[in-house]
Amino acid sequence: MSAEETPAIEVSGLACAYQDRRVLEGVSFSVRRAEIFFIIGGTGVGKTTLLRNMVGLATPVAGEVRFNGVSFTSADTAGRRAMLKTFGLSFQGGALWTSLTLSQNIGLPLEEYTRLPADEISRIAAFRLSQVGLAGFEEYYPSEISGGMRKRAGLARALALDPEIVFFDEPSAGLDPVTARNLDRLIVQIRDTFGTTIVIVSHDVDSIVGIADRLIMLDVDTRGIVAEGTPAELAAGAADTKVVEFLTRRTIRSR
Amino acid sequence: MPASPEALGASAQTGTENAVLQVALGGSWTLSGRTPRWAAVVGDAKPAAVSLRADGLSHWDTSLVAFVGEARRWCSDMKVACDTTALPEKLGILSGQFEASMRIETRSDHSHSVLTYVGLATGDAMAQARGFLQFIGECWIAATRLVAGRAGFRWFDCVGEMQKCGAMALPIVSLISFLVGVTLAYSGAIVLRRFGGDIWVADLIGVAMTREMGAMMAGIVLAGRTGAAYAAEIGSMKANEEIDALSVLGISPVRFLVLPRVMALGLMMPLLAMYANCLGILGGMAIAYVTLQIPPAAYWVEMLTIVDISDVAVGVIKAVVFGLIVGFSGCLRGLQAESNAAGVGNAATSAVVTSILFIIVADAVFAVVFNAIGM
């Protein structure tokens, strides 16, 4: 198998739990390189849990996660650190460090992992902020900007190191429709330019229909995947009516 | 992004043709690798035009975007033409965006002149004083409404807080006041032995504990233990918009959160102070027995010749006031907290500092007042 054919992410038989309560069981899927992949499902099905287990913020009960064919779940600390460098994670609420300015927030990963001089770092930070529509806000502290702006700044920070894989936790929740669509465009632009693999946890149907290459849907009853495919395929005829409902009814209502 | 051979380092080869600076970009450009800087590449050259092209460029990321962006910025500053048409189209677009981002003025400036700082600090101090008075006023209004029976009191919360600040503080108060008794006994013994008045160590500890140390130690323990907890709790409620949620329901945060806490401390503090008195006297008694061979019964009888009910009353009155100070400081700092993680931490710290400061000040005032009225 050549390097090009190895999926960027492979999840096999993953089981996640909180204390004794199993949230997900036997979750297996793979994400191709440079793909925009959505993890969807209603609230409380464990989308964020799945994401946290994939990036090592939580430890799965069973199963394996591989990035570019290398196991992440069984990697040692040094191996994990090397892999984490190639990830970007954009948190639901931005998760910006409140004691740092936006410029410093974005500069921190660059300071830690590159040998770039300080002026170059601040220029790259300014560029990242302008990419997410926050040009000129470098010297602001997170408490001085709105929730939506914090979210976009969090995205800029996730992109700081030009990661190979970017994970988004609810990127458009709490944003107005215009900003949300701009964000979608930005995500597509990043993928097209740098061939970045993108995994998005979302229930924004407009965004799913608009930019998803493929998606999986999680369900609370089966504690696993109920559907997998492209949005068009699934909306046209999925085995499970829940999937069709999710993708079509809400779309109709929101238009 | 496909893995690329890192062996091919980033390169920018320059050559001049007809006063046009030709820059050939090659190799693999990554943020974590070593990449050329535009300022170093161009040096002191003063070309009539600059032309950038890709030559054996394998893999690139934002580091190359930054390089080309800076080149374009330099060209437009020096008023020379910059030709980037020979570069990949995406790189052209992104570097244009990068150049534009360098031109946007930063909106906010946090570095101020000394004068501005003085002005801001004065304004801040005035706002603090105003906030303090407003808080006292709100507490007064809430308390009078309560006394007049026009508003309910959260007894359930109050009892819970009493347990937390009173009963659960017993171990630490026990330890600290016992040790205070021990240290007082040792230092008293040094002086009193020289006069052959070993037995007066009982008088010394009796008076010192009941009038001063019992209330003071209980106050300082609760300032660190309970005052800080109140500030952190109310501060994080504020950060989480819980205080606003109370306000829009027309529920006064002062009545709902502050009064039960302050009341709990005002009720528990005298009890804790009396408990601290007992433990301190016990500590002194133990040391007197061990080092000065004073039997506990003799110690007790000697102590009762000087300590009377007015000394205990002085301690209790102080304890009530210290309790109120700790409660009010904790709640005030919590309500004033900034709505972020650092704000909550600052609120807890400043609650402890405020409480201890006011406890010491109040103690000094009490000393003068009690002396004047002969208590």
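Note on naming: letters A, B, ... go to the chains in the order of the sequence lines (proteins, then strands), and numbering restarts at 1 for each one.
The environment of B/Q128 atom CD is dense: over 12 non-hydrogen atoms of other residues, nucleotides or ligands sit within 6.0 angstrom. For B/L249, the CG atom counts as densely surrounded, since its 6.0 Å shell holds more than 12 non-hydrogen atoms of other residues, nucleotides or ligands.
A/L110 touches chain B through its side chain: at least one heavy atom from C-beta onward sits under 4.5 Å away, while N, CA, C and O do not. With a 4.5 angstrom heavy-atom cutoff, B/E70 touches chain A only via side-chain atoms. Heavy-atom distances place the side chain of A/T98, and not its backbone, under 4.5 Å from chain B. For B/R37, the part sitting under 4.5 Å from any heavy atom of chain A is the side chain, from C-beta outward, and nothing else. Contact of A/P117 with chain B is made through the side chain alone, with heavy-atom distances under 4.5 Å. With a threshold of 4.5 angstrom between heavy atoms, A/A8 does not approach chain B through any atom at all.
Rounding to the nearest 0.5 Å places CD of B/E338 at 11.0 Å from OH of A/Y141. With rounding to the nearest 0.5 Å, the separation of OG in B/S101 from CD in A/E138 is 8.0 Å. If you take CZ on B/R34 and CZ on A/R115, they are separated by 4.0 Å, rounding to the nearest 0.5 Å. A distance of 13.0 Å separates OG in A/S130 from CZ in B/R103, rounded to the nearest 0.5 Å.
Counting only N and O atoms by type, the side chains of B/T62 and A/R128 include a donor and acceptor under 3.5 Å apart.
Considering only heavy atoms from C-beta on, A/D162 stays 4.5 Å or farther from B/W60 through its side chain. Between A/Y113 and B/L31, every side-chain heavy-atom pair lies at or beyond the 4.5 Å cut-off.
Looking at every heavy atom in both residues, A/Q189 comes nearest to B/L94 through NE2-CD2, 3.9 Å. When all heavy atoms of A/E120 and B/A66 are compared, the closest pair comes out as OE2-CB, 3.4 Å. Annotation for A/I124 and B/F98: closest pair CA-CE1, 4.0 Å, computed over non-hydrogen atoms.
With respect to chain B, the highest number of heavy-atom pairs below 4.5 Å among A/L161, A/I165, A/L116, A/T114 belongs to A/T114.
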